[in-house]
Amino acid sequence: MDELFDLPPQRGQRLDDETHRAVFGDVPARLAMSLHTPEVGDLVLQLLDRGWRRGQLAARIGALPAGPDPVGDITALLAGFLEQVPPDARWRQEKTEREAFRRAAAFEEPASDASRQAWITQIRDDVGARRPAPREPMRRTRPACSLCGQESSYFVTRAVRLCDACVEQLSTGAMQLPNVG
Ligand SMILES: [Zn+2]
């Protein structure tokens, strides 16, 4: 049942006379007639569906300077509105932002120790959340080789472990095992 109300406006539809008058009532009659097309109707219905009000469209269309191609200009104007946040929604956005600013400003005024402390904690949390998690230390599955520090393969004594490479070096005599305890 819900879907019925969420359906987008039907495509390719001329505006009903009342809506057409409300949106294009202020333009010359002949031009208004040229605008009574499915293409323009489609744009207006999409805009109304997004929260534009008829009067908002009418005011902007009325303010458009006259040019050689008024139908094209008005069509382009309406198509451009599809890219914008509708005025009411923009106003709500700005109001929300203004209120957030006001709250932040109130916070910055000299306050009790308790609220200042809460504010500092909040900032620390925010900073902490932005900071990347500390890198996990490299996990060593086996103790380090006593000569080079790489992962060892050989247990020599409790204190001395060796890796493959160092064992190789030792076996060729290129390296001496230091002081095996
Ligand atoms: Zn080694």
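Remember, predicted model here, so these are calculated numbers, not experimental data. Atoms within each ligand, like the ligands themselves, are counted from 1 in listed order.
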Could you tell me if the side chain of Asp42 sits less than 4.5 Å from the side chain of Thr37, heavy atoms only? no
Verify, without hydrogens or angle tests, whether His36 (side chain) and Leu15 (backbone) share a donor-acceptor contact under 3.5 angstrom. yes
Residue pairs involving residues 52-63 (criterion salt bridge (charged side-chain N to carboxylate O under 4.0 Å, His left out); sequence neighbours excluded): Glu18-Arg54, Arg53-Asp88
Non-hydrogen atoms of Gly51 and Gln56 that approach each other most closely: O-OE1, 4.3 Å
Using modelled atom types only, decide if a donor and an acceptor are shared between the side chain of Arg50 and the backbone of Leu82 within a distance under 3.5 Å. yes
Closer than 2.8 Å to the Zn ion (ligand 1) - protein N, O or S atoms, ordered by chain and residue number: Cys145 SG, Cys148 SG, Cys163 SG, Cys166 SG
Side-chain heavy-atom pair Val160, Tyr154 within 4.5 angstrom cut-off: no
